[in-house]
Protein chains: 2
Amino acid sequence: MEGDLAKSALHRGVGVALWRQIGDEIRRGIGAGLEDENGRLPPEAELAARFGVNRHTVRAAIAALIHEGVLRSEQGRGTYVRRQKRLTYPIGARTRFSAGLEGQVRERQIELLGHTHEPATATIATALDLRPSEDVIRLEMRGLADGVPVSRSTAWFPAARFPDIASYFAEKHSITEALALSGINDYRRASTTIEARHADDTDTRDLKLSPGAIVLVARGINVDGDGRPIQYSQTRFSADRVELTVSAG
Amino acid sequence: MEGDLAKSALHRGVGVALWRQIGDEIRRGIGAGLEDENGRLPPEAELAARFGVNRHTVRAAIAALIHEGVLRSEQGRGTYVRRQKRLTYPIGARTRFSAGLEGQVRERQIELLGHTHEPATATIATALDLRPSEDVIRLEMRGLADGVPVSRSTAWFPAARFPDIASYFAEKHSITEALALSGINDYRRASTTIEARHADDTDTRDLKLSPGAIVLVARGINVDGDGRPIQYSQTRFSADRVELTVSAG
DNA sequence: AACAATTTGTCCGTATGTATA
DNA sequence: TTATACATACGGACAAATTGT
């Protein structure tokens, strides 16, 4: 069942080139028995036979994965997987996106890409329990793990209650600490919804994804001790580099 | 920000046809301001201008979405969105995949596609806290909402403890009730991990997806009142038809 | 009823990209 | 490298259906 590439059929004329379908299959096969204990993939000729395609087509797939940094190949030796285990992000009542990665990465960092002061859209106003068009502050952030972009998030805060959240965040590089400076010493995640879609243009740029990559989208509302909404956020994760885990409350 | 298709760039030569990229954009634009209050899309000529492509290319994208059942078009009138709101599946300690859809669909159903009695793989044995190669019973199931396939799941149970789980499930069409017949009156979801990937061949067949579609994969362990693992499961959801929600414990 | 404007459906041809041998 | 077949993308022209005047 695992890593069984042989049964996987390819489809022609569906708008996705064969070499790209094969690339997706190889990506999925990695870590599921496709490579050997040394991280070496089967030779191109064998892969071509398994998929039932010409060796040139497999080479195109491998070239793309090398370009993405997933594989590396050495003439005469073979093609190898660059080790990159998926990060696991915890989701739950105590979710803090900046935390929860201990032991998984050496270095993590959240960049502030920009911030605005603007009226809330209908969606945001509802989520934050504000009057329509009441002002919010929007932060645009990017999370990196060991220098690799893994998340891209947008967060909205009620401007009246958190006028200085942007500068606090710029100073501390942490939502939890920026909220603490604003007088919020505890908060929890009231709800999170998760969906998946293809990366759009912003995603491919900010997360350094290849077009056609998949992003996991997590939308959530944080509330203070009294249950009042203090933050609405939408985070896009690279589905290749991240998985989410829901721990029992 | 919402429904802003104009800024979205297309990418040539990346192995994904333009018409397919445009199809993804339209799919994403639906519900975010692309269609008007009657569910009508902008005319093909206008979409072509926005995307900077030929009308034929837009037509190819629309044809694919019509084939998928997302759109419908009428000569001389326009192209319309077939209303189909995304299902929301709750994930949490009390997760029961068969439940939680009340009010969202008229009719729901879980089919048993097959079952086996087999030795556990290393992964399964670890998850269920079994000795290596101890026997498990595997159920293959498919969930439908109003006749449309939305989930495809595989569940493993310790064979020693639940010898008749397959026949119980075949009778009741519910995991909760099948476990109840096995003497488990309460259980909870200890952990869930969520990832996203492209649909493989099995997914496209069983969930009636188009090749290149996205699936959300949820892996979870259910434990009994004493915290002993009773079930490991892996469920694939069509990302187009489903979102997951994590409610606060 | 008649006509114009709008929009989708179909046909032609041509150039480029993808995949095989 | 070359040749071949098919999918993709473009451009234009016109037919068919619907709506508004």
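Below, chains carry the letters A, B, ... as their sequence lines are ordered, and counting in each starts from 1. Only a predicted model underlies this, so the values are computations on that prediction, with no experimental measurement involved.
For H198(B) against I214(A), the heavy-atom pair with the smallest separation is N-CD1, 3.4 Å. Across all non-hydrogen atoms, the minimal contact from G23(A) to L65(A) is O-CD1, 3.8 Å.
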Show the distances under 3.5 angstrom between N or O atoms of the protein and N or O atoms of nucleotides 13-18 of chain C.
none

For nucleotides 6-9 of chain C, which of its nitrogen or oxygen atoms have a protein nitrogen or oxygen under 3.5 Å away, and what is each distance?
from: dT7(C); atom 1: OP1; to: R40(B); atom 2: NH2; distance (Å): 3.4
from: dT8(C); atom 1: OP2; to: E44(B); atom 2: N; distance (Å): 2.9
from: dT8(C); atom 1: O4'; to: G76(B); atom 2: N; distance (Å): 3.4
from: dG9(C); atom 1: OP1; to: S73(B); atom 2: OG; distance (Å): 3.1
from: dG9(C); atom 1: OP2; to: R59(B); atom 2: NH1; distance (Å): 3.1
from: dG9(C); atom 1: O4'; to: Q75(B); atom 2: NE2; distance (Å): 2.8
from: dG9(C); atom 1: O6; to: R55(B); atom 2: NH2; distance (Å): 2.6

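Each of T121(B), T116(B), I124(B) was checked for a side-chain contact (heavy atoms from CB on, under 4.5 Å) with V136(B), and the lone residue meeting it is I124(B). Across E111(B), R108(B), E107(B), a single residue satisfies side-chain contact (heavy atoms from CB on, under 4.5 Å) together with L144(B), and that is E111(B). Evaluated for a side-chain contact (heavy atoms from CB on, under 4.5 Å) with S151(B), the options V215(B), T235(B), I110(B) yield exactly one hit, T235(B).
The outermost nucleotides of DNA chain D lying under 4.0 Å from heavy atoms of chain A, listed 5' to 3', are dA7(D) to dT8(D).
Checked for salt-bridge contact, D203(B) and R197(B) meet the test: a charged N lies under 4.0 Å from a carboxylate O. Electrostatic pairing of D206(A) and R142(A) does not count as a salt bridge here, judged by no charged N lying under 4.0 Å from a carboxylate O. Between E68(B) and R27(B), at least one side-chain nitrogen of the basic residue sits less than 4.0 Å from a carboxylate oxygen of the acidic one, meeting the salt-bridge criterion. Checked for salt-bridge contact, E140(B) and R138(B) meet the test: a charged N lies under 4.0 Å from a carboxylate O.
Residues passing the side-chain contact (heavy atoms from CB on, under 4.5 Å) test with R82(B) are R72(B), sequence neighbours excluded. Residues that satisfy the ring-ring contact (aromatic ring centres under 6.0 Å, His included) test with Y232(A), not counting sequence neighbours, are W156(A).
Over its full length, the helix from dA2(C)-dT21(D) to dA21(C)-dT2(D) turns its helical axis through 20°, comparing axes from the five pairs at each end and rounding to 10°.
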Handout entry: side chain to side chain contact (heavy atoms under 4.5 Å, CB included) assessment of I30(A) paired with L71(A)
Key = CA-CA 10 Å; I30(A) 291 172; L71(A) 300 178; 4.0 Å; yes
